[in-house]
Amino acid sequence: MIKIKPLPPTSIEELQQRAFTLAGKTLYQLALEQGLCVPTTLHHAKGWIGQLLENALGANANNLDQPDFTSLGIELKTLPINAQGQPIESTYICTAPIPNRDPCFEQSRVWRKMAHMLWVPILSLARQPIKHRQIGTPILWSPDPLIFHDLKQDWEELMELMSLGHFEDLSAHKGKYLQIRPKAANSKTFVRVLNHEGQMISTVPKGFYVRTLLTQRIIQENYIT
DNA sequence: ATTTGATCATTT
DNA sequence: AAATGATCAAAT
């Protein structure tokens with residue numbers, strides 16, 4: 001089977017136009033266009049839907065530490081939602097740099113991705129085969145000043161804990177919209193870090209995630225059923 | 001080894 | 001039921 005991947009969109013309008021043509025399609029339809037089969041379970045294909053959408057839209061960052069549409073500075077995220085339009089899962093953003101290499105929120109990996117995002121809702125109903133999941137109307141989104149403020153505050157709080165070596169206080173419970181969670185192949189994976197007493201300790205690599213509290217707001221305020 | 005794409009599974 | 005912590009696969 002030949003895999004069809006368009007060139008990256010050259011403008012926001014082109015990306016938006018492409019994205020809108022996907023609305024209403026099922027994963028089966030989209031996969032067929034790419035000569036792919038939809039897996040019956042995501043147990044061993046957790047990122048499959050995200051990759052399908054990247055291919056369909058011409059994302060070109062691959063696994064680089066950059067927004068998916070590099071030249072447009074736009075990050076693509078699929079967002080599973082239920083019948084009520086509520087997000088089912090939190091959203092991974094990027095790895096947390098340990099030790100910190102981001103000078104400030106405005107120049108952080110988190111902000112580079114969150115400044116401009118294309119959310120593609122995936123209507124994911126229980127007991128429905130994955131191939132029948134339907135693509136929703138995409139949402140081109142940027143944080144408003146209030147959200148920006150909260151994200152920045154979360155980032156600064158979380159980065160301060162890490163920079164000061166307070167890994168024992170760092171958990172998914174911190175942060176209003178952003179949180180830090182383990183991000184590794186498994187819980188035995190570790191990196192060496194300096195704790196707040198200056199000692200080398202081991203910890204599991206971390207990633208930044210967005211809580212459903214924020215994605216729920218984005219859906220409520222922007223989603224067209 | 002690391003970053004991407006996330007969802008799974010256990011705990012609360 | 002929702003949130004946290006654990007895990008899986010591909011690309012480089």
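Naming: A, B, ... by sequence-line order, numbering from 1 per chain. All figures in this text were calculated on a predicted structure; none of them were measured in a lab.
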- Task: Evaluate whether atom CD of E156(A) has more than 12 neighbouring non-hydrogen atoms of other residues, nucleotides or ligands under 6.0 angstrom away.
- Result: yes
- For the pair C94(A) and V110(A), evaluate side-chain contact (heavy atoms from CB on, under 4.5 Å) and give the outcome as yes or no after the intermediate values. CA-CA 7 Å; C94(A) 61; V110(A) 170; 3.8 Å; yes
- Connected via hydrophobic side-chain network under 4.5 Å: I201(A) and L161(A): yes
- Task: Quickly work out the Y209(A) OH to dA6(C) P distance and round it to whole Å.
- Result: 11 Å
- In residues 74-93 of chain A, which residues come under 4.0 Å of DNA chain B by heavy atom? E75(A), K77(A), T78(A), P80(A), E89(A), S90(A), Y92(A)
- Base, sugar-phosphate, or nothing for A184(A), non-hydrogen atoms under 4.0 angstrom? base
- Message: At a heavy-atom distance below 4.0 Å, what parts of residues 186-193 of chain A sit against DNA chain C?
- Response: N186(A), S187(A)
- Task: Indicate whether any N or O donor in one side chain lies under 3.5 Å from an N or O acceptor in the other, for S202(A) and R192(A).
- Result: yes
- Task: Is it possible for you to say whether I135(A) and Y223(A) belong to one hydrophobic cluster, with membership spreading through side-chain heavy-atom contacts below 4.5 Å?
- Result: no
- Kindly determine whether L30(A) and V38(A) satisfy side-chain contact (heavy atoms from CB on, under 4.5 Å), including the steps that lead there. CA-CA 9 Å; L30(A) 194 56; V38(A) 182; over 6 Å; no
- Query: Who passes ring pair (Phe, Tyr, Trp, His ring centres under 6.0 Å) against H196(A), sequence neighbours left out?
  - Reply: H166(A)
- For the hydrophobic clusters of this structure (ILVMFWY residues joined by side-chain heavy atoms under 4.5 Å, transitively), does one cluster hold both L53(A) and W119(A)? no
- Item | Short side-chain N/O contact from R211(A) to OP1 or OP2 of dT4(C), under 4.0 Å | yes
- Message: Is the shortest side-chain heavy-atom distance between T215(A) and I81(A) below 4.5 Å?
- Response: no
- Note on the structure: E197(A) meets the side chain to side chain donor-acceptor pair (under 3.5 Å) criterion, sequence neighbours left out, with none
- D68(A) CG to dA11(C) P: how many Å, rounded? 15 Å
- Item | Working for side-chain contact (heavy atoms from CB on, under 4.5 Å), residues K188(A) and N186(A) | CA-CA 6 Å; K188(A) 287 111 197 159; N186(A) 56 60; 3.3 Å; yes
- Message: Return whichever of N63(A) or V204(A) has its heavy-atom-nearest nucleotide of DNA chain C closer to the 5' end.
- Response: V204(A)
- Do S142(A) and H116(A) have side-chain atoms, one donor and one acceptor, less than 3.5 Å apart? yes
- Kindly state which residues belonging to residues 15-30 of chain A come within less than 4.0 angstrom of DNA chain B, counting heavy atoms of the residue only, listed by number. none
- Message: With a 4.5 Å cut-off on side-chain heavy-atom distances among I, L, V, M, F, W and Y, is there a chain of contacts connecting M159(A) to L164(A)?
- Response: no
- Query: Is E106(A) salt-bridged to K152(A), cutoff N-O under 4.0 Å?
  - Reply: yes
- Contacts to DNA chain C from residues 40-50 of chain A, heavy-atom cutoff under 4.0 Å, which residues? H43(A), H44(A), K46(A)
- Of all of residues 169-182 of chain A, which get a heavy atom below 4.0 angstrom from DNA chain B, listed by number? R181(A)
- Item | Within residues 169-184 of chain A or reaching into it, pairs that qualify as side-chain hydrogen bond (donor to acceptor under 3.5 Å, both in side chains) - sequence neighbours excluded | S90(A)-R181(A), D150(A)-K176(A), Y177(A)-R217(A), Q179(A)-R181(A)
- Note on the structure: Residues passing the ring pair (Phe, Tyr, Trp, His ring centres under 6.0 Å) test with Y92(A), sequence neighbours excluded, are Y209(A)
- For W111(A), all residues meeting ring pair (Phe, Tyr, Trp, His ring centres under 6.0 Å), sequence neighbours excluded: F105(A), F148(A)
Compile the donor-acceptor pairs under 3.5 Å between side chains in residues 56-65 of chain A and protein atoms, sequence neighbours left out, one pair per line.
unit_1: N60(A); atom_1: OD1; unit_2: T70(A); atom_2: N; d: 3.1
unit_1: N60(A); atom_1: OD1; unit_2: T70(A); atom_2: OG1; d: 3.2
unit_1: D65(A); atom_1: OD2; unit_2: R109(A); atom_2: NH1; d: 3.1

- Query: First and last nucleotide of DNA chain B touching chain A, 5' to 3', heavy-atom cut-off 4.0 Å?
  - Reply: dT3(B) to dA9(B)
